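Take a look at the structure set out below.
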Amino acid sequence: MPELPEVETIRRGLLPKIKGQRIDGVTADGSKVFQMDPELLGLHIPGQVICDLRRRAKYLIFELERHRLIVHLGMTGQLTLRNPGTRDSNRFLRHPVTGLQRTRQHAPDRHTHFQIHFATGTSVFFRDVRKFGKVYLFDISDESVEILFSRLGPEPFSESYTLKGFLEKMGTRKLRIKSLLLDQGFVAGVGNIYADEALFQAGVYPGRRVRYLRKYEKVRIFEAVPDVLRKGIVAGGTTISDFVDSDGAVGGFQEQLNVYGREGQRCYRCDSVILKIIVGQRGTHYCPACQKR
DNA sequence: AACCTTCCCTGATGGC
DNA sequence: TGCCATCAGGGAAGGT
């Protein structure tokens with residue numbers, strides 16, 4: 001599940017390879033991931049240069065000369081480069097939930113929803129098995145793009161992410177802290193994995209009601225969120241099932257997870273058995289000794 | 001307004 | 001062997 005570190009890892013991998021490249025052609029299928037007529041891609045995109053690739057929350061924004069192509073990877077979305085000079089891989093990563101996933105550059109298949117081709121022969125593929133991803137195309141002068149981002153909270157690495165704002169937004173809210181961290185309007189970019197890891201690092205039980213948190217606990221959560229996200233980026237993201245970077249390689253942060261996916265295993269810090277519960281309809285992992293109720 | 005639940009979607013898995 | 005329920009979850013929609 002691509003969260004901020006996975007999306008940022010993709011951005012950093014793609015940017016140097018595609019910046020300044022002129023788009024030669026585009027192919028797209030009729031998938032529901034497209035939030036516009038997919039034929040508009042072929043109509044508008046070819047001929048334009050990719051000026052930049054930015055990220056806002058979990059969205060990737062391809063800045064073209066006259067358009068913005070915006071991609072949200074949803075649950076299983078992948079954005080990869082394919083170099084015609086490199087052999088496609090037949091290696092797979094095995095996962096009990098989502099099964100076999102390619103781990104290297106691969107040829108397009110039935111889940112590949114669009115391809116951007118460059119004159120060099122290189123392509124960018126968007127592949128999404130479960131189709132929870134979304135693709136948008138905006139004219140560069142279309143200000144309605146802001147509607148897409150208007151409800152997003154602060155970027156955890158920006159100056160808009162302040163303790164003061166963090167505490168104020170918590171206010172006297174009654175929901176559970178895990179659910180609040182998943183709310184993209186509270187802080188942008190946190191998903192299920194990093195929410196669990198941040199709460200472990202902060203030593204806070206995920207089911208705690210926000211209004212009953214002590215101030216020092218809120219401060220620790222405030223600090224833990226960017227900290228675990230940063231560690232995730234440094235490790236190249238987390239691969240539980242589908243995530244691959246722009247070169248098709250798996251991430252490394254799954255090796256550093258303290259609680260996520262570790263149900264029944266021992267806590268590295270205190271040797272207690274990690275538990276899994278449901279919070280806000282999401283699987284939630286925690287250490288009952290390090291994160292007391 | 002705040003909060004909670006349901007839905008979308010696919011492929012692997014386990015029970016019968 | 002096949003069939004069906006179950007699970008994973010980001011985010012929007014619908015309900016209370």
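Because the structure is a prediction, the values reported are computed rather than measured. In the text below, chain A, chain B and the rest are named by the order of the sequence lines, each starting its count at 1.
Residues of residues 252-266 of chain A that place a heavy atom closer than 4.0 Å to DNA chain B do not occur.
Counting non-hydrogen atoms of neighbouring residues, nucleotides and ligands closer than 6.0 angstrom, the CZ atom of A:Arg151 reaches no more than 12 such neighbours. Atom CD of A:Glu39 has 12 or fewer neighbouring heavy atoms from other residues, nucleotides or ligands inside a 6.0 Å radius.
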Item to check | Sequence-aligned protein contact record of nucleotides 10-16 of chain C, with B where the base is within under 4.0 Å of a protein heavy atom and S where only the sugar-phosphate is | outcome: BBS----
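Between A:Ile177 atom CD1 and B:dC4 atom P the separation is 13 Å, expressed in whole Å. Taking atom CG of A:Leu73 as the reference point, atom P of B:dC9 lies 18 Å away to the nearest angstrom. Atom CG of A:Leu180 and atom P of B:dA2 are 12 Å apart (whole Å). When the C1' atom of C:dC7 is taken as reference, atom CD1 of A:Ile277 falls 17 Å away, rounded to whole Å. One atom, CG of A:Asp183, and another, P of B:dC3, lie 10 Å apart when rounded to the nearest Å. What separates CE of A:Met170 from C1' of B:dC3 is a distance of 16 Å, to the nearest Å. In this structure, the CZ atom of A:Arg127 is 11 Å from the C1' atom of B:dG11, given to the nearest Å. The OH-P distance, from A:Tyr194 to C:dG9, rounds to 14 Å in whole Å.
Among the heavy atoms of the strands, none lies under 4.0 Å from A:Arg176. Using a 4.0 Å heavy-atom distance criterion, A:Gly283 is classed as a sugar-phosphate-only contact. No engagement by A:Lys178 is indicated, since no non-hydrogen atom pair under 4.0 Å with the nucleic acid exists.
Counting only N and O atoms by type, the side chains of A:Thr76 and A:Asp128 include a donor and acceptor under 3.5 Å apart.
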Checklist entry - Is there a ring pair (Phe, Tyr, Trp, His ring centres under 6.0 Å) between A:Tyr161 and A:Phe222 once you walk through the steps? => result CA-CA 9 Å; A:Tyr161 185 72; A:Phe222 172 79; 4.5 Å; yes
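Atoms CZ and CD, from A:Arg11 and A:Glu6 in turn, are 14.5 Å apart once rounded to the nearest 0.5 Å.
Through ILVMFWY side-chain contacts below 4.5 Å, A:Val273 is grouped with nothing and stands alone.
Both tests hold for A:Arg269 against A:Phe200: distance to the six-membered ring centre under 6.0 Å, angle to the ring axis within 45°.
Between A:Arg282 and A:Asp196, no side-chain nitrogen of the basic residue sits less than 4.0 Å from a carboxylate oxygen of the acidic one, so the salt-bridge criterion is not met.
Map A:Arg110 and A:Lys174 each onto its nearest nucleotide of DNA chain B; the residue landing nearer the 5' end is A:Lys174.
Minimum heavy-atom separation, A:Leu41 to A:Ala28: CD1-CB, 4.0 Å.
In this structure, A:Tyr260 has its ring center at least 6.0 angstrom away from the ring center of A:Phe253.
For the pair A:Arg173 and B:dC3, the criterion of a side-chain N or O lying under 4.0 Å from OP1 or OP2 is met. OP1 and OP2 of C:dG9 both lie 4.0 Å or more from every side-chain N or O belonging to A:Lys131. A:His111 has no side-chain polar atom (N or O) that falls below the 4.0 Å cut-off from OP1 or OP2 of B:dC9.
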